[in-house]
Structure formats: structure tokens, C-alpha cells
Amino acid sequence: MSDDQELKEGHAYFTLSGDVNSDMVRRVFDAVSDMMEDKVTTAHILLQSNGGYVSDGICLYNFLSQLPITFVTYNAGAVASIAVTLFLAGTRRYASETARFMVHKSHATASPGARPDALKIIVDGLRADDMRTEQILSKHVALTQEHWLVHAYSDLHLTAQEALGVGLIDAVANFAPPKGQRLTNI
């Protein structure tokens, strides 16, 4: 067996797209079960998502971060909202030159005519979600004071080069599975 074949052993390549929600959680759990059974040691995952539910994203981040599999995440288009937290579960992280990241505070809507006590519960929940996601973001990324100010009041958009500058990614690189390597959709 050549050195190249030995390097590929234990590596698997995946795509993961769609909303971060309970369906994605189930799909990832099933895929990881298969990875463990197949003795995958390094999973390369191309992620494409415009976000979704905070609790589902944090669940996936915590789950993937604790597994005995090295996750390498890639952004070739757009990773936004809570999907950025999911992306941060990668031990190594990459983005294509034209990829973008968008980070923002949590948001929700209230029913018309909602009572003030219900609105307070929603606002308290949003603050708690922001605290949880910002804790994970701060653990991995060195945003500047200017970035945090934008994040406080608006959507923070980062290009691949900007993401590299703050440590969100390790390098600007494309997702490129080796020729003949199986690509699995999660």
C-alpha cells in the first residue's frame, strides 16, 4: 500500500446542508453512528446552511466536539447564524475564497397581542441563547472590538480572508475529496 493510500485510510467525506433543526440533528446522529461503525477517524464535512434553531446547533456542536473522530469543516458558499457554531465543531476549518460567514444575535417573533409577561420570557430566552452562542464563538474566534460592535446591533458578515484573520478558519482552501473517494450526503 502506498503512503497516499495509508493517509486516506480512516478519512471520509460528507456534505451537510439545510436548516439546523431536529431533522439535521437526527441525520448527523445517524451519520456519526455509521462513521463509528466504519471506523472513520477523520470526517471532512462540507457545510452549507443559513442557520436554524439555536438549541439544535449547540447540541450538534457539543456532540461533535466530544467524539473520538476528528471533524474537518469546510464552507464553500455560505454558513450563517447558528450554523457558524456548528462549523466551529471542526478541529480544522477551511473556507473557499468566495465563501461567506454571517453571525448575528438570536431573534424570534411573538404572536400579535402577546402579553407582556410572554414577551419577557421570549426576550430572556433570546439573551440566554446569545450568551451560549457567544461563549462558543469567543472560545474559537478572536473577533475585534469593531466586529463585536457590529454583532451587537447588526449582522456581522465575514469573507474568507476576514474569517482567516480572526481565526474562524485555519486556511482558505476548497473542499476537494480525493479522486475516487466516496462522497456521502448527510
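Every value quoted in this text rests on a predicted model; they were computed, and no experiment measured them.
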What pairs with Arg92 under salt bridge (Lys or Arg N to Asp or Glu O under 4.0 Å), at least two apart in sequence or on another chain? none
Ala76 and Ala99: which non-hydrogen atoms are nearest, and at how many Å? C-CB, 4.2 Å
Just to verify, which of Thr73, Leu86, Leu88 counts as forming a side chain to side chain contact (heavy atoms under 4.5 Å, CB included) with Leu64? Leu86
Is it possible for you to say whether Phe14 and Val25 belong to one hydrophobic cluster, with membership spreading through side-chain heavy-atom contacts below 4.5 Å? yes
Euclidean distance, Met131 CE relative to Arg127 CZ, rounded to 0.5 Å: 11.5 Å
Can you list everything that forms a salt bridge (Lys or Arg N to Asp or Glu O under 4.0 Å) with Glu97? Sequence neighbours excluded, please. none
In this structure, NE2 of His147 is separated from CG of Leu158 (nearest 0.5 Å) by 5.0 Å
Could you tell me whether Tyr53 atom OH has more than 12 heavy atoms of other residues or ligands within 6.0 Å of it? no
Are any of the side-chain heavy atoms of Phe71 and Val32 separated by less than 4.5 Å? yes
Kindly indicate, with the supporting measurements, whether the criterion side-chain contact (heavy atoms from CB on, under 4.5 Å) is fulfilled by Leu46 and Leu16. CA-CA 6 Å; Leu46 174 62; Leu16 176 61; over 6 Å; no
What pair of heavy atoms forms the shortest contact from Gly57 to Ile82, and how long is it? CA-CG1, 3.6 Å
Scanning both residues in full, the closest heavy-atom pair of Ser49 with Gly51 reads OG-N, 3.0 Å
Does the side chain of Val172 reach to within under 4.5 Å of the side chain of Gln161, using non-hydrogen atoms? yes
side-chain hydrogen bond (donor to acceptor under 3.5 Å, both in side chains) pairs, two or more places apart, involving residues 176-186: Thr15-Asn185
Does Val79 share a hydrophobic cluster with Val20, counting links as ILVMFWY side-chain heavy atoms below 4.5 Å and allowing steps through other members? yes
Any sub-3.5 Å donor-acceptor pair from Asn21's side-chain atoms to Gly52's backbone N or O? no
Kindly determine whether Tyr94 and Asn75 satisfy side-chain contact (heavy atoms from CB on, under 4.5 Å), including the steps that lead there. CA-CA 6 Å; Tyr94 302 98; Asn75 174 1; over 6 Å; no
Do the non-hydrogen side-chain atoms of Asp155 and Val103 ever get within less than 4.5 Å of each other? no
Note: Arg26-Asp23 ion pair, threshold 4.0 Å (strictly below): yes
Measure across Ala43 and Met35 and return the closest heavy-atom pair with its distance rounded to 0.1 Å. CB-SD, 3.8 Å
Would you check, one step at a time, whether the test side-chain contact (heavy atoms from CB on, under 4.5 Å) holds for Leu67 with Phe63? CA-CA 7 Å; Leu67 291 171; Phe63 176 67; 3.8 Å; yes
Tightest non-hydrogen contact, residues Phe29 and Cys59, listed as CZ-SG, 4.0 Å
According to the interplanar angle, ranging from 0 to 90°, do the rings of His44 and Tyr13 count as parallel (below 30°), tilted (30 to 60°) or perpendicular (above 60°)? parallel
Indicate, with yes or no, if Val72 and Ile69 share a hydrophobic cluster defined by side-chain heavy-atom contacts under 4.5 Å among Ile, Leu, Val, Met, Phe, Trp and Tyr. no
Is it the case that the side chain of Asn174 and the backbone of Ser96 share a donor-acceptor pair, with hydrogens and angles ignored and the cut-off at 3.5 Å? no
List in chain and number order the residues that pass side-chain hydrogen bond (donor to acceptor under 3.5 Å, both in side chains) with Thr159, two or more places apart in sequence or in another chain; answer none if no residue qualifies. Glu162
Heavy atoms of Ala78 and Asn50 approach each other most closely as CB-OD1, 4.4 Å
Could you tell me the separation between the OG atom of Ser17 and the CG atom of Leu47, rounded to the nearest 0.5 Å? 8.5 Å
Is it true that Val166 and Met102 fall in one hydrophobic cluster, defined by side-chain heavy atoms closer than 4.5 Å? no
Quick check, are the ring centers of Tyr74 and Phe87 under 6.0 angstrom apart? no
Give a yes or no answer on whether the side chain of Asp170 reaches the backbone of Arg93 with a donor-acceptor pair at less than 3.5 Å. yes
Would you say Leu149 and Phe101 are hydrophobically clustered, going by side-chain heavy atoms of ILVMFWY under 4.5 Å? no
What about the rings of His151 and His104, do their centers lie closer together than 6.0 Å? no
For the CE atom of Met24 and the CG atom of Asp56, what is their distance to the nearest 0.5 Å? 9.5 Å
Criterion side-chain contact (heavy atoms from CB on, under 4.5 Å) on Leu168 and His140, from CA distance to verdict: CA-CA 7 Å; Leu168 181 59; His140 296 279; over 6 Å; no
Side-chain (Ser65) to main-chain (Asn62) donor-acceptor, under 3.5 angstrom: no
Below 4.5 Å, heavy atoms only, C-beta onward: do Met36 and Pro68 meet side chain to side chain? yes
Listed by chain and number, what are the salt bridge (Lys or Arg N to Asp or Glu O under 4.0 Å) partners of Arg132, not counting sequence neighbours? Asp129
Worked verdict on Asp30 versus Arg27 for salt bridge (charged side-chain N to carboxylate O under 4.0 Å, His left out): CA-CA 5 Å; Asp30 288 346; Arg27 289 185 291 141; over 6 Å; no
List for me each residue that meets side-chain hydrogen bond (donor to acceptor under 3.5 Å, both in side chains) alongside Ser138, sequence neighbours excluded, and say none if there are none. none
